[in-house]
Amino acid sequence: MRDVVGLALIFGGLFFVLVSALGLVRFPDFYTRSHALGKSDTLGTILVLGGLAVYGGLTLSSLKLLLILIFVGLGNPTATHALTRAALRSRHEIWSRREGGKKE
Amino acid sequence: MIHRYQGVVVELVSRAVVPAIQVFALYIITHGHYSPGGGFQGGALLAASILLLRFTQGRKESYRRFPPGAGFALAALGLLIFLLVGLASVARGGSFLDYAYLPWPWASPETLRYYGILVVEAGIALTVWGTLVVVFDQVGTRTRDV
Amino acid sequence: MTALLLGVALVIALLTVVPVFRIVAGPTIYDRVLGVGLMGTNAILLLVLVGYIYDRIDMFVDLAVAYAILNFVGVVVVAKYLERRGET
Amino acid sequence: MRHRNWVSLGVQTALLFAFWLVLSGRYEPRFLIVGALSVALVLLLNRDIFVLHTVPESGGGHWAVLALGWRWLLYVAWLLYDIAVANIQVASLVLHPRMPIDPVLLRFSVSWRRGATQVLLANSITLTPGTVTVDLRDGEYTVHTLAPRLAQPLVSGEVQKRVASVLGEEAGHAPAVTWIGSVGALEQ
């Protein structure tokens with residue numbers, strides 16, 4: 001039972017890691033790509049680490065996995081924010097459909 | 001290069017994360033012979049936490065917490081600890097860093113080895129910590145006006 | 001079970017090619033740093049998975065914590081540097 | 001030092017020592033002593049930057065801390081659900097062959113002044129549907145969104161209300177939102 005739940009979480013996480021990789025390729029500009037790190041990759045990491053913690057059972061290592069999970073959940077959005085902020089401060093323009101933008 | 005970061009997000013998250021990083025670094029230092037790591041890695045993590053503060057708190061705040069000269073002092077202190085422990089065993093007829101010969105006769109060799117390694121790791125960590133911060137400060141102030 | 005985890009680890013290792021592509025192709029410096037950040041989180045996952053595969057999770061999880069910390073510090077510091085450069 | 005700074009010092013000590021216990025995994029006296037010394041050293045080094053000092057007092061007596069913890073749990077559960085929804089939306093956008101995105105910036109302000117609440121809102125925005133907090137200055141948020149409809153919870157003020165209730169701030173009304181098409185337009 002625990003194995004099944006853990007595996008389901010791991011594969012769910014794998015899907016989102018895949019989505020973030022795809023997003024990094026397909027999105028047209030930096031700001032849209034940052035959504036891949038800020039969201040998809042964070043959730044993917046949380047799911048995979050959570051799945052591994054469930055799979056491992058209640059051990060010290062699983063608790064440490066939860067610590068990494070909290071750290072990534074706090075650090076990833078902050079890093080994304082720091083980067084997008086730096087880009088905005090440097091007047092990096094956003095891609096917009098209305099202005100018929102071309103993929104960078 | 002080091003100016004007050006106006007972004008409250010990065011500043012507050014760093015403030016929350018830095019104590020945790022330092023506790024983790026101390027864990028790495030003190031559990032060096034049971035898990036990966038040891039003095040060098042722990043010292044590098046301590047230096048990373050100071051760099052994070054340097055970048056997110058601005059020069060004035062950050063220099064008050066960790067003055068530029070403190071890096072030299074820490075590095076020297078670490079080296080001194082390392083040499084003292086090493087030479088203490090030489091003085092009692094052992095070889096350099098032979099913990100069993102430390103001048104603490106009522107402790108068993110087992111205990112001596114544990115505390116000897118602990119103190120030496122702490123010395124290495126202090127040296128690495130101080131040196132890395134000094135290197136960063138030098139590079140940072142050199143390139144600031146370029 | 002180990003075989004499944006090995007498969008997951010292989011897929012993540014293959015996916016790491018994508019951030020590398022972003023780091024090489026750019027086009028802006030921000031894209032490159034973003035690629036580094038994404039590669040970092042993938043590396044954390046790989047470390048933990050390898051720990052389970054080799055049954056040395058107690059050791060690899062410490063490495064993963066250290067890597068997570070350094071990844072965060074690295075991206076924030078580079079972002080801060082880029083911000084200063086951009087403001088002038 | 002005011003009373004609530006002592007409380008936050010106590011909470012910080014407990015958190016760090018619990019962190020140490022999880023990391024160390026050895027509970028012989030010598031490791032506990034080393035742990036206590038380490039935590040004391042870290043507390044000494046960082047005594048003036050505890051982030052808990054900036055967390056607003058939620059009123060009430062000693063039970064207030066427990067109530068705060070409970071509200072946090074509820075909030076994190078809601079956030080996890082929202083992150084899942086957000087990612088399914090982003091995934092559908094990424095996997096869609098024509099990729100129907102229409103990125104815009106939007107800008108709104110909040111009335112609360114405490115850093116902790118502002119940061120919580122900023123990171124919640126980054127994690128939830130189609131939005132990334134690009135800038136935050138004096139309570140004024142600049143948000144990048146993949147498509148205007150994805151930012152609906154922000155426009156209606158729902159996210160702001162939830163974050164405010166966690167840390168006991170004034171919720172306020174639905175914010176006045178300005179939509180901005182480009183970074184160039186932001187300058188004026």
Side-chain angles (χ1 to χ4, degrees), chain A residues 13 16 20 23-24 27 29-50 52-53 55-94, chain B residues 1-38 41-62 65 121 132 136 139-140 143-146:
Chain A
F16 286 112
S20 78
L24 206 61
F27 275 138
D29 79 331
F30 163 71
Y31 292 102
T32 42
R33 278 176 212 135
S34 71
H35 288 254
L37 177 63
K39 278 191 277 293
S40 306
D41 205 47
T42 311
L43 183 72
T45 312
I46 286 177
L47 283 181
V48 172
L49 292 181
L52 284 171
Y55 167 67
L58 189 67
T59 61
L60 210 64
S61 301
S62 299
L63 283 177
K64 286 189 193 176
L65 283 183
L66 290 184
L67 284 179
I68 304 180
L69 196 155
I70 294 172
F71 193 87
V72 170
L74 193 68
N76 249 357
T78 309
T80 311
H81 169 79
L83 261 180
T84 50
R85 203 179 110 97
L88 185 80
R89 290 287 168 92
S90 329
R91 326 286 191 257
H92 184 60
E93 193 53 78
I94 67 166
Chain B
M1 192 172 189
I2 307 166
H3 290 267
R4 186 160 181 82
Y5 198 85
Q6 297 295 332
V8 65
V9 178
V10 177
E11 194 204 322
L12 269 187
V13 172
S14 304
R15 277 168 60 178
V17 161
V18 159
I21 295 180
Q22 290 177 346
V23 167
F24 180 69
L26 288 169
Y27 154 74
I28 290 282
I29 293 167
T30 52
H31 290 60
H33 42 310
Y34 296 104
S35 55
Q41 289 85 337
L45 279 168
L46 283 175
S49 75
I50 296 295
L51 294 202
L52 196 57
L53 287 181
R54 282 270 196 276
F55 267 102
T56 56
Q57 288 212 308
R59 181 184 289 262
K60 231 170 123 190
E61 267 298 293
S62 168
R65 178 178 318 284
E121 292 281 5
L132 285 181
F136 169 77
V139 173
T143 55
R144 184 164 50 92
D145 302 319
V146 174

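FYI, side chains are in, hydrogens and waters are out, and symmetry mates aren't considered; it's all heavy atoms of this structure. Per chain, numbering begins at 1; letters A, B, ... match sequence-line order. Note that the coordinates shown come from a computational prediction; the quantities given were computed from them, not determined experimentally.
Among the residues in residues 65-72 of chain A, those with a non-hydrogen atom closer than 4.5 angstrom to a non-hydrogen atom of chain B are A/Phe71.
Inter-residue side-chain proximity for B/Ile29 and B/Leu46 is flagged as met; some heavy-atom pair is nearer than 4.5 Å.
Applying the salt bridge (charged side-chain N to carboxylate O under 4.0 Å, His left out) test to pairs two or more places apart or on separate chains, those with a residue in residues 61-83 of chain A are A/Lys64-C/Asp62. Screening residues 67-79 of chain A for side-chain hydrogen bond (donor to acceptor under 3.5 Å, both in side chains), with sequence neighbours left out, gives A/Thr42-A/Asn76, A/Thr78-D/Asn123.
Under the rule for a side chain to side chain donor-acceptor pair (under 3.5 Å), the partners of B/Ser49 that lie at least two apart in sequence or sit in another chain are B/Gln22.
The backbone N or O of A/Thr32 lies less than 3.5 Å from a partner atom in the side chain of A/Asp29, making a donor-acceptor pair. Listed for the A/Thr80 side chain is no donor-acceptor partner under 3.5 Å among the backbone atoms of A/Ser34.
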